[in-house]
Number of protein chains: 2
Amino acid sequence: MADGQVTGQEGRRIVGAGIRARLSAGEMAPGQRLVEQELSETFGTTRSAVREALQDLAAEGLVELIPRRGARVRVISVEEAVQITECRAALEGLCARRAAASAGDADRAELRDIGEQMSRAVTEGDLDAYSALNRRLHDTIARASGQEVAENLLDRLNGQTVRFQFRLALRPGRPAQSLPQHLAIIEAVVTGDGAAAEAAARAHLDSVIAELAATPERPEPVGSEVAVP
Amino acid sequence: MADGQVTGQEGRRIVGAGIRARLSAGEMAPGQRLVEQELSETFGTTRSAVREALQDLAAEGLVELIPRRGARVRVISVEEAVQITECRAALEGLCARRAAASAGDADRAELRDIGEQMSRAVTEGDLDAYSALNRRLHDTIARASGQEVAENLLDRLNGQTVRFQFRLALRPGRPAQSLPQHLAIIEAVVTGDGAAAEAAARAHLDSVIAELAATPERPEPVGSEVAVP
DNA sequence: ATCAACCATATTGTCAACAATCTCGTCGAC
DNA sequence: GTCGACGAGATTGTTGACAATATGGTTGAT
């Protein structure tokens with residue numbers, strides 16, 4: 001990091017984006033402490049910028065902020081991940097229904113394209129591609145629905161469960177299970193069948209919930225440092 | 001305000017609560033500027049505390065924070081209020097369904113009580129009481145559902161639309177229209193009929209949406225000061 | 001060996017002064 | 001009369017030093 005010192009406003013953005021990225025990449029474990037000075041050195045910003053970024057992340061539920069004790073990566077239990085997914089089911093159901101009614105031609109074309117690429121990715125066993133397409137599908141439907149409020153809520157909820165989504169996608173046989181569900185959502189939205197789209201979206205997320213429920217609660221580290229493997 | 005200077009951590013809480021209260025009471029109009037120094041003098045805190053409180057409020061969507069231009073009370077359009085209510089419909093539908101399945105005896109008793117008091121309030125034409133019961137009903141169902149994530153989301157969404165709820169409740173004939181809907185929700189939850197509870201909750205909020213859609217978009221003041229009446 | 005009190009250090013919280021930027025009224029040219 | 005440039009004042013943004021608090025290890029008594 002040979003950047004010159006980054007000024008505050010940018011610093012806040014940079015630290016926020018940086019932590020988000022590392023969190024998604026699994027480079028920061030749940031429960032891990034986030035020390036302000038460390039972060040300010042890592043990202044080449046001031047402590048104030050780090051502080052503000054941590055506030056942002058706490059507001060998004062990615063970080064837990066305990067007064068006088070600092071910040072740590074928030075631990076999300078399987079139980080909470082299930083609840084989050086239940087909310088997603090409700091909201092994505094809404095989006096799918098609306099998208100079926102009001103998506104433009106470009107959106108429908110994109111959805112068809114995503115469906116084809118997904119099928120191919122599963123055939124070829126390309127998990128990374130499938131995972132990326134998965135996110136793109138959900139995003140596209142949310143955007144096509146015109147429900148900006150729901151889209152924002154979903155963004156936030158997704159941010160909290162990326163870790164789980166990731167683990168889930170790696171299970172053998174999971175893509176083969178979810179592919180037909182995704183295709184059913186796409187089909188219903190593209191053909192404009194709102195009720196079917198909502199039902200398909202809900203069914204898909206119910207399936208995710210079932211998988212989550214079968215996830216063992218792994219003992220997350222709670223000490224000041226992450227347990228050594 | 002003859003308080004001694006309030007220390008930072010408390011200050012943040014006080015300013016946040018204070019602005020929230022004034023916002024709910026309609027003492028702060030949408031679009032109104034919130035000047036940091038003014039607020040710090042009003043609440044007897046430092047500017048830092050005000051700054052942090054404003055960040056909190058912005059994260060909740062109650063305040064709009066424009067870099068280098070300060071904070072103002074966020075203007076929520078009728079269109080956005082409709083979208084928010086659509087999300088509420090999805091989430092409260094979820095809560096109602098779950099509450100029907102998992103509410104405890106105490107919760108069911110409270111719901112019955114709320115129903116009786118609501119009927120009485122409408123008979124007596126006590127709008128304030130009815131409005132308070134309305135909120136209590138929604139809160140109770142959310143809590144009884146055990147869906148804490150949904151409960152939090154709903155809290156946030158409700159905070160943004162209090163102004164609209166308030167205007168709506170004052171319309172002549174509105175309570176008589178919404179009372180049977182509320183009673184239907186209560187009945188379904190109390191008797192444990194999840195599907196009916198979800199349907200009733202959705203129907204109720206669809207009715208709210210219809211009322212909102214019939215609300216004229218009033219020209220909100222956008223200047224540095226609120227327009228004089 | 002166990003436990004509690006204590007202290008050094010690491011870390012977060014607070015503040016007030018300073019810097020940067022925007023707003024809005026004033027002035028002048030056309 | 002209209003438009004644009006300019007500048008004073010108001011407002012937000014940034015910084016670094018200082019204060020308050022928690023942490024973890026050390027010491028000494030039992």
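Quick note on labels: first sequence line is chain A, next is B, and so on, each numbered from 1. Reckoned from all heavy atoms, side chains included, excluding hydrogens, waters and symmetry mates.
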Among residues two or more places apart or on two chains, list those pairs meeting salt bridge (Lys or Arg N to Asp or Glu O under 4.0 Å) that have a residue in residues 53-66 of chain B.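 Only B:Arg12-B:Asp56, B:Arg20-B:Glu60 qualify under salt bridge (Lys or Arg N to Asp or Glu O under 4.0 Å).
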Any donor-acceptor N/O pair, [X] side chain to [Y] backbone, under 3.5 Å:
{"X": "A:Ser131", "Y": "A:Asp128", "answer": "no"}
{"X": "B:Arg202", "Y": "B:Gly93", "answer": "no"}
{"X": "B:Thr161", "Y": "B:Phe164", "answer": "no"}

Whole Å only: how far is the CD atom of A:Glu52 from the C1' atom of D:dT12?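 Whole-Å distance recorded here is 12 Å.
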Under 3.5 Å, which donor-acceptor pairs do the side chains of residues 141-155 of chain B form with other protein atoms, sequence neighbours left out?
from	atom 1	to	atom 2	distance (Å)
B:Ser145	OG	B:Ala142	O	2.6
B:Ser145	OG	B:Gln147	N	3.0
B:Gln147	NE2	A:Glu86	OE1	2.9

Short of 4.0 Å, heavy atom to strand atom, which residues of residues 54-62 of chain B count as contacting DNA chain D?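 The stretch gives none, as no residue of it lies under 4.0 Å from the strand.
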Output one line per pair: protein atom, nucleotide atom from nucleotides 11-13 of chain C, and distance, for all N/O pairs under 3.5 Å.
from	atom 1	to	atom 2	distance (Å)
C:dT12	OP2	A:Glu36	N	3.1
C:dG13	OP1	A:Arg68	N	3.0
C:dG13	OP2	A:Arg51	NH2	2.1
C:dG13	O5'	A:Arg51	NH2	3.0
C:dG13	O4'	A:Arg68	NH1	2.9
C:dG13	N7	A:Arg47	NH2	3.3
C:dG13	O6	A:Arg47	NH2	2.7

Listed partners of A:Ser207 passing side-chain contact (heavy atoms from CB on, under 4.5 Å), at least two apart: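 Counting only residues at least two positions away or on another chain, A:Ser207 forms a side-chain contact (heavy atoms from CB on, under 4.5 Å) with A:Arg174, A:Gln177, A:Gln181.
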A:Leu65: what forms a side-chain contact (heavy atoms from CB on, under 4.5 Å) with it, not counting sequence neighbours?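 Partners of A:Leu65 by the side-chain contact (heavy atoms from CB on, under 4.5 Å) criterion, ordered by chain and then number, come out as A:Leu54, A:Gln55, A:Ala58, A:Val63, A:Ala71.
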Using only side-chain N and O atoms of B:Thr46, determine if any of them is under 4.0 Å from OP1 or OP2 of C:dC15.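 Result: yes.
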Any salt bridge linking B:Arg33 with B:Glu38? Criterion: basic side-chain nitrogen under 4.0 Å from a carboxylate oxygen.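 Salt bridge absent between B:Arg33 and B:Glu38.
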